[in-house]
There are 2 protein chains.
Amino acid sequence: MKNAALEKSSHLEYFNIAISVDCVIFGYEDKQLKVLLIKSDLEEFEGMWSLLGDLVRPDEDLEAASYRVLQERTGLDDVYLEQVYTFGATGRHPSGRVITTAYYALVNIHTYKLANTDNELHWHPVSELGTMAFDHKNIVDTCLKRLQEAVLEHPIVFNLLPKKFSLRELQDVYEAILGVELDRRNFRKRITLKGWLDDLNEMEEDVPHRPGKVYCLKEVFGRHGKKALKPAPVLHS
Amino acid sequence: MKNAALEKSSHLEYFNIAISVDCVIFGYEDKQLKVLLIKSDLEEFEGMWSLLGDLVRPDEDLEAASYRVLQERTGLDDVYLEQVYTFGATGRHPSGRVITTAYYALVNIHTYKLANTDNELHWHPVSELGTMAFDHKNIVDTCLKRLQEAVLEHPIVFNLLPKKFSLRELQDVYEAILGVELDRRNFRKRITLKGWLDDLNEMEEDVPHRPGKVYCLKEVFGRHGKKALKPAPVLHS
DNA sequence: CCAAAAGTGTTCTCTCTACACCCATGG
DNA sequence: CCATGGGTGTAGAGAGAACACTTTTGG
């Protein structure tokens, strides 16, 4: 029988794989779902766009690493983050063996501030992404699919919006994420059925048409809405 | 601007995190969902059970590493594998920083053969797992939840069964996985609705009661059934 | 004939979809 | 008054849940 100290030495020969996190940072603007990208700083990918990511530090939780990336790049430390998948093909990174864990983040595009003045940072509509550096296009696609599966189950899209919004704005967000048009009446029914919203008894202002009611997310789903408080079925009790 | 060779040197200081894969190997026997576990070989976890896992080799794809673990431990190289989640808390491994990616596997418990004669390897009913080594209980729970979400959407439980089976056996598997009892008539309707099965025009034999029809999975979902050929909605086209 | 499981249909509810008209506001 | 989007209800189809009796086989 080994102990942990003994086993550690046998681990050493394997300490030549690096691990990183990559964040697919989603924002919403102009009725489009967008992703925050940075110009790749590798010769091999000159001119291509790349996700925001960084190597994980030895004393840092995996999730903490992605919060750090978010914080460093957007200045926000209060965002919705969700782990999606870990990409570990041997050839995926030209400078060596790097396994990366992908997270997606949902941020309000208008409250975030670029922490560094890096002008190589830009929001791109997800529907217009071309070739990207590394396997990042694949990562974006995987995260988008996961997001699409999640938005109707969990109250998370609100992280893309200001606190107060109209049902029309909310529907626009869903349409941008799902890439389909939704029937207005059915959408409103479904959303009210979920019970996620509080009616603020306020009206939109400065709109060039009949103003709509203004809603906000209920406190209990209090920003993020990571855990949608749905009663899990009792299994293997 | 850096190139890959330059960046590599800056990576070196981070090459002190190891990455492993852990496999939650599910099998089905005696109307119970079971997991293949091994006695932990670390002093810190003496007497506790642990998942089958190994460090990822530098020249090996992440997924290949979990196939290798499966192959080495069960002798099977033809199994259904699915990545679930990556666990990366700093304190999760006593012998150093090890980030692990969890996969679940579905195997037919009766066709697998232990490749090594390790008698520390045992099948445990998932409903009776106590404390486990590392964070492995948490990993099992996470994988079970993912499995439960997947089985009604995708034709994968057949990997737990022999090629030919009765509807009763199939229902027993679903009940074991979901941890609930199902209505027989509704179950049969739902399953036939899916269109996953071929009627073999054979009957059960050697049963002490009225024999049932025997079915098999349709060829198109050909073992594994990784991709359930469902038409994806056209998005962001 | 008894035990055990196979096989089968209907009703109800709920959810989702399709669909059209009047209303309030700003310009 | 016109343009723009806000707001609303109903009918039909499909999926899932509840529920009981007859049939076949082995013992």
Side-chain angles (χ1 to χ4, degrees), chain A residues 30-31 148-149 151-155 161 164-216 228 230-235, chain B residues 30-31 148-155 161 164-216 228 230-231 233-235:
Chain A
D30 299 334
K31 305 201 175 185
Q148 290 171 338
E149 291 164 2
V151 288
L152 287 169
E153 300 291 323
H154 306 285
L161 284 172
K164 302 177 176 187
F165 49 84
S166 68
L167 285 183
R168 178 71 213 173
E169 288 174 290
L170 186 59
Q171 183 177 341
D172 285 341
V173 176
Y174 274 95
E175 291 181 345
I177 293 173
L178 298 172
V180 293
E181 296 205 338
L182 301 171
D183 178 84
R184 198 166 75 252
R185 286 163 293 186
N186 293 336
F187 176 78
R188 295 161 99 91
K189 249 179 297 177
R190 272 219 311 243
I191 282 295
T192 49
L193 244 277
K194 300 277 186 198
W196 292 341
L197 300 186
D198 268 339
D199 185 340
L200 288 171
N201 293 313
E202 293 176 40
M203 290 299 196
E204 286 181 297
E205 285 168 21
D206 303 319
V207 288
H209 54 77
R210 174 174 172 182
K213 283 181 159 187
V214 173
Y215 297 81
C216 73
K230 65 171 177 185
V234 179
L235 302 173
Chain B
D30 299 334
K31 305 200 175 186
Q148 289 171 339
E149 291 165 1
V151 288
L152 286 168
E153 299 291 322
H154 306 286
L161 284 172
K164 302 176 175 187
F165 49 85
S166 69
L167 285 183
R168 178 70 212 174
E169 288 174 290
L170 186 59
Q171 184 177 340
D172 285 341
V173 175
Y174 273 96
E175 291 181 345
I177 293 173
L178 298 173
V180 294
E181 295 203 338
L182 302 171
D183 178 83
R184 202 165 71 251
R185 287 162 292 187
N186 293 335
F187 175 78
R188 296 162 98 93
K189 248 179 298 176
R190 270 218 314 240
I191 283 294
T192 50
L193 244 278
K194 301 275 186 199
W196 292 341
L197 300 186
D198 269 340
D199 185 339
L200 288 172
N201 293 313
E202 293 175 41
M203 290 301 197
E204 285 181 297
E205 286 168 19
D206 303 319
V207 289
H209 54 76
R210 173 173 175 181
K213 283 181 159 187
V214 174
Y215 296 83
C216 73
K230 64 171 178 185
V234 179
L235 302 172

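So that the names make sense, note that chain A is the first sequence line, chain B the second, and so on, each numbered from 1. Just so you know, these numbers come straight off a predicted model, no measurement behind them.
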Separation of [N] [atom2] from [X] [atom1] (nearest whole Å):
{"X": "B:Q171", "N": "D:dA17", "atom1": "CD", "atom2": "P", "result": "12 Å"}
{"X": "B:Y215", "N": "C:dG7", "atom1": "OH", "atom2": "P", "result": "6 Å"}
{"X": "B:F187", "N": "C:dA6", "atom1": "CZ", "atom2": "C1'", "result": "14 Å"}
{"X": "A:E205", "N": "C:dT25", "atom1": "CD", "atom2": "C1'", "result": "13 Å"}
{"X": "B:K189", "N": "C:dG7", "atom1": "NZ", "atom2": "C1'", "result": "13 Å"}
{"X": "A:F165", "N": "D:dG5", "atom1": "CZ", "atom2": "C1'", "result": "18 Å"}
{"X": "B:I191", "N": "C:dT8", "atom1": "CD1", "atom2": "C1'", "result": "17 Å"}
{"X": "B:L182", "N": "D:dA15", "atom1": "CG", "atom2": "C1'", "result": "16 Å"}

Would one find a side-chain N or O of A:R190 under 4.0 angstrom from OP1 or OP2 of C:dC16?
no
So how far is it from A:R184 CZ to A:L167 CG, rounded to the nearest 0.5 Å?
10.5 Å
Calculate, to the nearest 0.5 Å, the distance between atoms CG and CG belonging to A:D30 and A:D172 respectively.
11.0 Å
Within the modelled atom types, does a donor on one side and an acceptor on the other bring the side chain of [X] and the base of [N] under 3.5 Å apart?
{"X": "B:R210", "N": "D:dT23", "result": "yes"}
{"X": "B:R184", "N": "C:dG7", "result": "yes"}
{"X": "B:K213", "N": "C:dT8", "result": "no"}

Remember a base hit wins even if backbone is also touched, and classify A:R168 as base, sugar-phosphate or nothing at under 4.0 Å, heavy atoms.
sugar-phosphate
Residue whose closest nucleotide on DNA chain D lies nearer the 5' end, B:H209 versus A:D183:
A:D183
Nearest-nucleotide comparison on DNA chain C, the residue closer to the 5′ end among A:P211 and B:L167
B:L167
Are the side chains of [Y] and [X] in contact, using a 4.5 Å heavy-atom criterion?
{"X": "A:Y174", "Y": "A:I191", "value": "yes"}
{"X": "B:M203", "Y": "B:K213", "value": "yes"}
{"X": "A:Y215", "Y": "A:T192", "value": "no"}

Kindly point out which of D:dT8, D:dC19, C:dG7 is positioned nearest to the side chain of B:N186?
D:dC19
Please determine, for the side chain of B:R185, which listed nucleotide (D:dA17, C:dG9, C:dC19) has the closest atom?
C:dG9
